[in-house]
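In what follows, chains are A, B, ... by sequence order, proteins preceding strands, each numbered from 1. These values consider heavy atoms only, across backbone and side chains, with no hydrogens, waters or symmetry-generated copies.
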Amino acid sequence: ETGVTQTPRHLVMGMTNKKSLKCEQHLGHNAMYWYKQSAKKPLELMFVYSLEERVENNSVPSRFSPECPNSSHLFLHLHTLQPEDSALYLCASSQGWATGTDTQYFGPGTRLTVL
Amino acid sequence: AQSVAQPEDQVNVAEGNPLTVKCTYSVSGNPYLFWYVQYPNRGLQFLLKYITGDNLVKGSYGFEAEFNKSQTSFHLKKPSALVSDSALYFCAVRDPQGGGNKLTFGTGTQLKVEL
């Protein structure tokens with residue numbers, strides 16, 4: 001897990017707050033991902049960046065705003081969230097995006113609670 | 001569309017006994033298949049993957065999985081379970097005919113290994 005780090009590990013926020021989740025990968029990868037993990041549900045892919053360009057956006061509400069300033073860093077900006085957005089948010093990276101064979105490596109996640 | 005099913009929410013096994021965690025998939029072509037493990041309050045850790053070649057794939061921590069095209073299955077196995085194997089296991093599939101490195105995950109199987 002030290003290859004992909006996420007901060008903070010835990011976050012509690014009110015519905016009117018603005019916060020950001022940070023992900024950093026130390027693997028030299030070119031693709032980065034945001035997933036949402038809720039109890040009893042499959043992992044939901046939210047966004048994918050390949051070479052700093054967004055290549056996937058799975059109908060995620062606009063209150064989630066991703067940013068990828070370079071291939072090593074990925075942010076998820078949060079504003080006016082709802083209680084149902086409470087979940088574990090996982091970041092992942094892979095060597096590439098296009099081939100489909102590259103393994104995704106995950107960070108430890110940020111446990112988000114929206115009050 | 002690609003999909004994956006893990007028919008068992010929980011599997012219980014005694015330490016030292018063999019374990020099997022089941023996974024079946026549905027894709028339009030030949031699949032890429034992955035197994036991940038998640039320990040409490042941690043991210044997903046990669047165990048093994050099948051892309052092509054030998055149907056029996058060996059991975060980390062003594063785990064292996066067998067790709068069975070006729071049964072569209074990719075069951076995870078270990079000859080002798082350890083208490084430390086207790087965790088949540090996810091199967092994932094990637095349809096090579098789709099675009100990019102987009103994985104579809106199952107809902108997970110909780111493995112409990114008891115003394």
Anything in residues 11-27 of chain B with a heavy-atom distance to chain A below 4.5 Å? Please list those residues in order.
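Against chain A, none of the residues of residues 11-27 of chain B fall inside the cut-off of heavy atoms under 4.5 Å.
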Do [X] and [Y] sit in the same hydrophobic cluster, where Ile, Leu, Val, Met, Phe, Trp and Tyr count as joined when their side-chain heavy atoms come under 4.5 Å apart?
| X | Y | result |
| --- | --- | --- |
| Val4(B) | Leu33(B) | yes |
| Phe106(A) | Val4(A) | yes |
| Val37(B) | Phe105(B) | no |
| Leu81(A) | Val60(A) | yes |
| Tyr61(B) | Phe74(B) | yes |

Heavy-atom donor-acceptor pair, Arg42(B) side chain to Gly107(A) backbone, under 3.5 Å
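Pair absent, no side-chain N/O of Arg42(B) close to backbone of Gly107(A).
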Within this structure, what is the CD1-CG distance for the pair Ile51(B) and Asp102(A), rounded to the nearest 0.5 Å?
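CG of Asp102(A) is found 8.5 Å from CD1 of Ile51(B).
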With sequence neighbours left out, what residues match Phe67(B) under ring pair (Phe, Tyr, Trp, His ring centres under 6.0 Å)?
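Residues passing ring pair (Phe, Tyr, Trp, His ring centres under 6.0 Å) with Phe67(B): Tyr50(B).
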Is [Y] close to [X] at the side-chain level, that is, under 4.5 Å between some pair of heavy atoms?
| X | Y | answer |
| --- | --- | --- |
| Leu43(A) | Thr104(B) | no |
| Leu44(B) | Leu90(A) | yes |
| Lys102(B) | Val48(A) | no |

If the contact rule is any heavy atom under 4.5 Å from chain B, which residues of residues 23-38 of chain A qualify, in numerical order?
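Contacts with chain B: Tyr33(A), Tyr35(A), Gln37(A).
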May I ask you to check whether Lys41(A) and Thr107(B) show a side-chain donor-acceptor distance below 3.5 Å?
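No, no side-chain donor-acceptor contact under 3.5 Å.
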Filter on salt bridge (charged side-chain N to carboxylate O under 4.0 Å, His left out), then keep only pairs touching residues 106-115 of chain B, sequence neighbours left out; what's left?
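Pairs touching residues 106-115 of chain B that pass the test: Lys112(B)-Glu114(B).
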Give, as side chain, backbone, both or neither, the part of Gln38(B) having an atom under 4.5 angstrom from any heavy atom of chain A.
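Answer is side chain: those atoms of Gln38(B) sit under 4.5 Å from chain A.
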With a 4.5 angstrom heavy-atom cut-off, could you sort out which part of Tyr36(B) is near chain A: side chain, backbone, both or neither?
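Contact with chain A: side chain only.
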Any chance CD of Gln82(A) has more than 12 other-residue heavy atoms, nucleotides or ligands included, within less than 6.0 Å?
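More than 12 heavy atoms, drawn from other residues, nucleotides or ligands, come within 6.0 Å of this atom.
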With a sphere of 6.0 Å drawn around CG of Asn17(A), does it hold more than 12 non-hydrogen atoms of other residues, nucleotides or ligands?
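Yes, enclosed.
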Heavy-atom closest pair, residues Asn101(B) and Ser94(A)
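Heavy atoms only, the tightest pair is ND2-OG, 3.5 Å.
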Counting heavy-atom pairs under 4.5 Å to chain A, which of Phe46(B), Tyr39(B), Phe90(B), Phe34(B) comes out on top?
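Heavy-atom pair counts peak at Phe46(B).
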